[in-house]
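One structure is given below, encoded as structure tokens.
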Amino acid sequence: MIAWDLTVFYRRGDTGGGQGLHGLSNSDSVVQAARDAARAAREWADRTGSTIKAVPGRLLINGVQGPIDLPGLDGSSSLDEVAAGAEDALHQWQVQQRPAVPEYESASAIEPEDDGTAPRSVSRGGELTVLWQDLAATAALEDVAAGATDDDLDAAENHTGYQWPDEVRELFQLQGGGIEIVPMFRLLSLDETLTTWDMWTQINDDLRERWPEGSAPDEAAIRSAPAGSPAEVFIPDLIPIADDAAGTSLCVDTRPGNLHSCVVEYSASAGGSRPLWVSVNAMIATVVDSIRNRRPLHDGWTTTTTGTLIWYSDD
């Protein structure tokens, strides 16, 4: 299975902009994923009365491969031609990548406890750290709030009752909340994440009592479904990392499956969305690309970089 993110550039009447589309291809073939993305773009254009411009779209595969140009979305090429071009472009992108990831200083080593085990910690030198440093440099971020310690994160895991993915721990080590990471969604601090997790858990408990007998969603079935599956109710496997201050949170879905650690949107009214990004890494990489190349994010949002991120719509 391949996740794809595609930005298409369109015109609709006197307005226009960029539209972000996301989807999953039930195939391990990049060619098929590109074909699915191109088909989705044309269906979206037909559905919304939009005209796709004769400029290449931007395709990201599995959140980390690309973005690459995807020409022919306007109908000047067949779906097969678009897909074949994507395969060639992705190959060229892979060739151009640096042979090694730069090394960064790791967190201080933690001495083993008396029983020979050590507290779980994440080295501050993984892929997310590299991406975050790229974001900080590209956006000229200033006064980023201090992140959490390993002890803080161990306590947070104990609070929720299970281990968090390494990249989630790394995200909270790198920053302490307050940044509008994507349009309308502000990153949470670790304390805010736990408060939000508690809030959603309590709301779910309250709703469960109000469901007519026998009609409540099967929470056990929802929790046992693979990551990225719809969630009618909040489940403990969702870790809030950002919110819009209006009742919607971005959460990391920690259920098992091919999309383990994908980022979804959750609200009490709509439940859990389809995956928006396949990982936190993919979300940050998309933001960096949007800033660096002035590519609109989602429905035409762009950002200014004046020491922080401020997103505004082209509409």
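Computed over heavy atoms, backbone and side chain alike; hydrogens, waters and symmetry mates excluded. Bear in mind the structure is a predicted one, so any value in this text is a computation, not a measurement.
- Heavy atoms from other residues, nucleotides or ligands lying under 6.0 Å from CG of Asp143 number 12 at most.
- No donor-acceptor distance shorter than 3.5 angstrom exists from the side chain of Asp198 to the backbone of Thr195, with no hydrogens or angles considered.
- For the side-chain contact (heavy atoms from CB on, under 4.5 Å) test, residues two or more places apart in sequence or in another chain that qualify with Asp218 are Ala220, Ala221.
- Closest of all the heavy-atom pairs between Arg42 and Ser77 is NH2-O, 2.6 Å.
- Taking CG from Leu79 and CZ from Arg39, the interatomic distance works out to 5.5 Å, rounded to the nearest 0.5 Å.
- Taking both residues in full, the closest heavy atoms of Pro165 and Ile239 are given as CD-CD1, 4.1 Å, listed atom of the first, atom of the second, then distance.
- Rounding to the nearest 0.5 angstrom, the gap separating the CG atom in Asp191 from the OG1 atom in Thr196 is 10.5 Å.
- For Asp74, there are no salt bridge (charged side-chain N to carboxylate O under 4.0 Å, His left out) partners two or more places apart in sequence or in a different chain.
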Worked check of side chain to side chain contact (heavy atoms under 4.5 Å, CB included) between Trp164 and Thr193:
CA-CA 13 Å; Trp164 292 4; Thr193 282; 4.2 Å; yes
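- Linking Ile, Leu, Val, Met, Phe, Trp and Tyr whenever their side-chain heavy atoms come within less than 4.5 Å puts Leu250 and Met199 in one cluster.
- Remark: Trp132 CH2 to Gln175 CD distance equals 4.5 Å, nearest 0.5 Å.
- Side-chain atoms of Trp197 do not come within 3.5 Å of backbone N or O of Pro240 as any donor-acceptor pair.
- Partner of Leu59 under the side chain to side chain contact (heavy atoms under 4.5 Å, CB included) criterion, chosen from Leu70, Val82, Leu21: Leu70.
- Residues passing the side-chain contact (heavy atoms from CB on, under 4.5 Å) test with Ser290, sequence neighbours excluded: Leu297, Trp311.
- At least one side-chain heavy atom of Trp44 sits under 4.5 Å from a side-chain heavy atom of Ser50.
- Following chains of ILVMFWY side-chain contacts shorter than 4.5 Å, one can reach Met184 starting from Val264, so the two form part of one hydrophobic cluster.
- To the nearest 0.5 Å, atoms OG1 (Thr48) and CZ (Arg12) are separated by 4.5 Å.
- Checked against salt bridge (charged side-chain N to carboxylate O under 4.0 Å, His left out), Arg223 has the following partners two or more places apart in sequence or in another chain: Asp237.
- Residues forming a salt bridge (charged side-chain N to carboxylate O under 4.0 Å, His left out) with Asp205 (at least two apart in sequence, or on another chain): Arg208.
- For residues 176-189, the pairs satisfying salt bridge (Lys or Arg N to Asp or Glu O under 4.0 Å) are Arg186-Glu192, with sequence neighbours left out.
- With hydrogens and angles left out, the side-chain atoms of Glu167 and Ser261 include no donor and acceptor closer than 3.5 Å.
- Gln173 pairs in a side chain to side chain contact (heavy atoms under 4.5 Å, CB included) with only one of the listed residues (Asp150, Leu190, Asp152), which is Asp150.
- Residues Val144 and Leu141 meet the side-chain proximity criterion, which asks for heavy atoms closer than 4.5 Å.
- Under the rule for a side-chain contact (heavy atoms from CB on, under 4.5 Å), the partners of Ala33 that lie at least two apart in sequence or sit in another chain are Ile2, Trp4, Ser25, Ile61.
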Evaluate Ile241 against Met283 for side chain to side chain contact (heavy atoms under 4.5 Å, CB included), listing each step before the verdict.
CA-CA 12 Å; Ile241 59 170; Met283 180 179 73; 4.1 Å; yes
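- Partners of Glu265 by salt bridge (charged side-chain N to carboxylate O under 4.0 Å, His left out), not counting sequence neighbours: none found.
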Yes or no on salt bridge (Lys or Arg N to Asp or Glu O under 4.0 Å) for Asp166 and Arg169, after CA distance, side-chain angles and deciding distance?
CA-CA 5 Å; Asp166 285 349; Arg169 289 179 64 103; 5.4 Å; no
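- Counting all heavy atoms, side chain and backbone alike, Phe185 lies closest to Ser249 at CE2-C, 4.2 Å.
- Residues Asp36 and Leu24 have side chains not in contact (no heavy-atom distance under 4.5 Å, counting atoms from C-beta outward).
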Show, in sequence, the C-alpha distance, side-chain angles and deciding distance for Val278 and Asn258, and conclude whether the side chain to side chain contact (heavy atoms under 4.5 Å, CB included) test is met.
CA-CA 9 Å; Val278 294; Asn258 291 336; over 6 Å; no
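- Lys53 and Tyr10 get closest at one heavy-atom pair: CE-O, 3.5 Å.
- Considering only residues two or more places apart in sequence or on other chains, Asp206 meets the side-chain hydrogen bond (donor to acceptor under 3.5 Å, both in side chains) condition with Gln202.
- A donor-acceptor pair under 3.5 Å is formed between the side chain of Thr160 and the backbone N or O of Glu157.
- Cluster annotation: Leu128 and Leu153 are assigned to the same hydrophobic cluster (Ile/Leu/Val/Met/Phe/Trp/Tyr, side-chain heavy-atom contacts under 4.5 Å, transitive).
- Among residues at least two apart or in separate chains, salt bridge (Lys or Arg N to Asp or Glu O under 4.0 Å) pairs with a member in residues 238-253 are Asp253-Arg255.
- Screening residues 243-270 for ring-ring contact (aromatic ring centres under 6.0 Å, His included) gives Trp200-Tyr266, Phe234-Tyr266 as the qualifying pairs, with residues at least two apart or on separate chains.
- Taking hydrophobic clusters as Ile, Leu, Val, Met, Phe, Trp and Tyr residues chained together by side-chain heavy-atom distances below 4.5 Å, Val288 shares a cluster with Ile181.
- For Asp46, the side-chain contact (heavy atoms from CB on, under 4.5 Å) criterion is met by no residue, not counting sequence neighbours.
- For the atom pair Leu194 CG and Leu188 CG, the distance stands at 10.0 Å (nearest 0.5 Å).
- A donor-acceptor pair is defined here as one N or O able to donate and one able to accept, closer than 3.5 Å; such a pair exists between the side chain of Thr138 and the backbone of Asp134.
- The closest side-chain heavy-atom distance from Val263 to Pro275 is not below 4.5 Å.
- Minimum interatomic distance between Ser267 and Gly247 (heavy atoms only, all atoms of both residues): CB-O, 3.4 Å.
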Please assess Leu238 against Thr254 for the test side chain to side chain contact (heavy atoms under 4.5 Å, CB included), listing each intermediate value before the final yes or no.
CA-CA 6 Å; Leu238 299 179; Thr254 67; over 6 Å; no
Decide side-chain hydrogen bond (donor to acceptor under 3.5 Å, both in side chains) for Thr286 and Asp289; before the verdict, give the C-alpha distance in whole Å, the side-chain angles of both, and the deciding distance to 0.1 Å.
CA-CA 5 Å; Thr286 301; Asp289 176 69; over 6 Å; no
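- Counting only N and O atoms by type, the side chains of Thr201 and Asn204 include no donor and acceptor under 3.5 Å apart.
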